[in-house]
Amino acid sequence: MENGVLYLTTKLQIYWKVNTRITSQMENSERAKHFIVAIDGPAGAGKSTVAKLAAAKLGFSYLDTGAMYRAVTLKALNGKLNFSDRGALGDCAKNSRIEFVEVDSNVFPQVFLDGVDVTNAIRDPLVSRNVSEVAKEPSVRSFMTDLQREIGAQGLWVVDGRDIGTVVFPNASVKIFLTASIEERAQRRFRELKAKGYSPIMNELIDEIAKRDEIDSNRETAPLKKAENAFFLDTTSLTIDQVVDKIFGIVTAKGKS
Ligand code: DC
């Protein structure tokens with residue numbers, strides 16, 4: 001634990017220095033005031049891991065829009081809502097208070113739902129299995145989209161999700177579409193769940209990810225798709241650091257242009 005804290009502290013100092021450099025490159029530019037890096041892609045492509053690290057490296061804030069859909073799903077599950085009752089799902093979203101709170105000595109914000117820290121609870125496999133059903137509901141999406149636009153209206157942001165470059169921020173400064181083969185995405189999810197003490201089954205994970213891909217890509221409202229002007233990044237054979245470096249390079253090149 002102590003090592004973890006030290007590690008984050010050291011990284012923070014490094015990012016602070018890098019950030020000073022980037023900010024000076026972008027000084028006197030309108031972009032320095034508002035800059036959105038939109039990262040979209042399918043489940044398990046590693047978006048939140050690399051988006052968090054890229055945001056820290058750039059000195060940008062990070063918005064995890066998937067966490068918002070997960071929080072509403074958790075609330076709907078806890079309230080035993082009927083998932084085919086579309087009105088109830090929309091009301092559930094509207095009545096949710098979702099906050100990203102920077103807890104002391106933690107680089108990344110924790111997710112709070114109605115005042116309760118749900119950072120870990122929203123990653124539970126039960127939430128993962130049900131979230132696509134909630135996220136396809138148009139009234140839930142419209143509420144979330146408004147909220148995301150409000151949060152990202154000012155400042156420097158890395159935002160990840162499914163529809164960020166296509167719907168939420170179609171004028172984003174940089175758009176990236178991150179993907180990997182389904183086998184690789186399932187492997188990554190397998191390792192992640194194992195590390196958290198779950199006992200995942202590989203074939204079930206592949207089926208579950210394929211099902212989420214299917215629902216996310218074929219829903220009527222804001223389906224997952226690559227924005228025309230997005231950089232396509234296949235991370236199947238790349239390490240996390242390599243992906244973060246690529247994103248960092250794309251953003252700094254854009255910041256200078
Ligand atoms: O990125 P994630 O796995 O935490 O996302 C959870 C779900 O939320 C995913 O199945 C699709 C949905 N989602 C979405 O529809 N639009 C977004 N902008 C973000 C996530």
Side-chain angles (χ1 to χ4, degrees), residues 36-52 54-55 62-77 83 86 89-90 92-93 96 98 100 108-111 113 118-152 157-170 172 175-180 182 185-186 188-190 192-193 196 200 205-227 230 235:
I36 302 268
V37 181
I39 304 184
D40 290 306
K47 291 186 306 295
S48 37
T49 306
V50 298
K52 269 181 198 169
Y62 166 60
L63 178 61
D64 177 356
T65 63
M68 299 167 76
Y69 288 98
R70 285 172 177 273
V72 175
T73 306
L74 179 67
K75 184 163 173 155
L77 286 168
F83 277 35
R86 304 170 65 166
L89 287 181
C92 179
S96 298
I98 300 167
F100 293 92
F108 306 116
Q110 305 290 293
V111 187
L113 170 67
V118 293
T119 312
N120 292 326
I122 59 170
R123 303 285 155 199
D124 190 278
L126 183 64
V127 174
S128 301
R129 278 199 295 276
N130 287 282
V131 62
S132 285
E133 284 300 324
V134 175
K136 76 177 192 197
E137 171 52 40
S139 60
V140 173
R141 299 207 69 80
S142 134
F143 179 77
M144 293 298 174
T145 301
D146 288 350
L147 199 57
Q148 290 153 14
R149 287 184 180 148
E150 211 176 294
I151 295 171
W157 289 94
V158 174
V159 187
D160 80 356
R162 302 291 189 285
D163 58 343
I164 307 306
T166 49
V167 174
V168 183
F169 294 112
K175 298 181 189 179
I176 290 162
F177 191 85
L178 208 68
T179 192
I182 191 158
R185 290 189 280 137
R188 290 175 188 169
R189 196 49 46 105
F190 184 88
E192 190 185 315
L193 289 170
K196 285 184 183 167
L205 281 182
I206 292 183
D207 289 349
E208 193 190 302
I209 290 177
K211 188 174 163 215
R212 281 175 65 193
D213 284 356
E214 159 81 17
I215 301 176
D216 293 345
S217 308
N218 294 308
R219 66 182 174 221
E220 274 179 27
T221 313
L224 165 69
K225 63 173 185 217
K226 179 186 165 300
T235 70

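As the structure lists them, so they are numbered: ligands from 1, and atoms in each ligand from 1.
Under 4.0 Å from ligand 1, not a single heavy atom of M68 appears. Neither the backbone nor the side chain of K211 comes within contact range of ligand 1; no heavy atom lies under 4.0 Å. The backbone and the side chain of R162 each have at least one atom closer than 4.0 Å to an atom of ligand 1 (non-hydrogen atoms only). Neither the backbone nor the side chain of M144 comes within 4.0 Å of ligand 1, counting heavy atoms alone.
Distances from ligand 1 to the non-hydrogen atoms of R141 include at least one value under 4.0 Å.
Judged by distance alone, with hydrogens and angles left aside, the side-chain atoms of K225 form no donor-acceptor pair with the main-chain N or O of S217 at under 3.5 Å. Using a distance-only test at 3.5 Å, with no hydrogens or angles considered, a donor-acceptor pair links the side chain of K226 to the main chain of A230. Proximity of a side-chain donor or acceptor of T235 to a complementary backbone N or O of T179 within less than 3.5 Å is detected. Between the side chain of K175 and the main chain of G165, a donor-acceptor pair closer than 3.5 Å is present.
Looking at R219 and D163, no side-chain N of the basic residue comes within less than 4.0 Å of a carboxylate O on the acidic one, giving no salt bridge. Using a cutoff of 4.0 Å between basic side-chain nitrogens and carboxylate oxygens, R123 and D64 are scored as salt-bridged. Salt bridge R162/D216: present, at least one basic N to carboxylate O contact under 4.0 Å.
Atoms of ligand 1 lying under 4.0 Å from any heavy atom of R123, numbered from 1 in the order shown and given with element: 4 (O). Of all atoms in ligand 1, numbered sequentially from 1 with element shown, those under 4.0 Å from a heavy atom of S132 are 10 (O). For ligand 1, the atoms lying closer than 4.0 Å to a non-hydrogen atom of D216 are 9 (C), 10 (O), 11 (C). Distances below 4.0 Å separate heavy atoms of A135 from the following atoms of ligand 1: 12 (C), 15 (O). Applying the 4.0 Å criterion to heavy atoms of G161 picks out, from ligand 1, the atoms 17 (C), 18 (N), 19 (C). Within ligand 1, the atoms closer than 4.0 Å to a non-hydrogen atom of R219 are 14 (C), 15 (O), 16 (N), numbered from 1 in the order shown. Set against the non-hydrogen atoms of T65, the atoms of ligand 1 under 4.0 Å away are 17 (C), 18 (N), 19 (C). When each atom of ligand 1 is checked for a heavy atom of V131 under 4.0 Å away, the hits are 6 (C), 7 (C), 8 (O), 10 (O).
Side-chain atoms of V50 and L178, non-hydrogen and from C-beta on, do get closer than 4.5 Å to each other. For the pair L77 and N130, the minimum side-chain heavy-atom distance is below 4.5 Å.
Looking at atom 6 (C) of ligand 1, its nearest protein heavy atom turns out to be R212 NH2, 3.6 Å. The protein heavy atom nearest to atom 20 (C) of ligand 1 is G66 CA, 3.6 Å. In terms of protein heavy-atom proximity, atom 4 (O) of ligand 1 is closest to R70 NE, 2.7 Å.
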Report the C-alpha distance between L113 and I122 in whole Å, list the side-chain angles of each, state the deciding distance to 0.1 Å, and finish with yes or no for side-chain contact (heavy atoms from CB on, under 4.5 Å). CA-CA 10 Å; L113 170 67; I122 59 170; over 6 Å; no

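Any N or O atom pair closer than 3.5 Å counts here, and Y69 shares no such pair with ligand 1. Ligand 1 has a nitrogen or oxygen under 3.5 angstrom from a nitrogen or oxygen of D163. Residue-to-ligand polar distances keep D160 apart from ligand 1: every N/O pair is separated by 3.5 Å or more.
Legend: residues meeting salt bridge (charged side-chain N to carboxylate O under 4.0 Å, His left out) with R212, ordered by chain and number and at least two apart, are absent.
No more than 12 heavy atoms of other residues, nucleotides or ligands sit less than 6.0 Å from atom CZ of R86.
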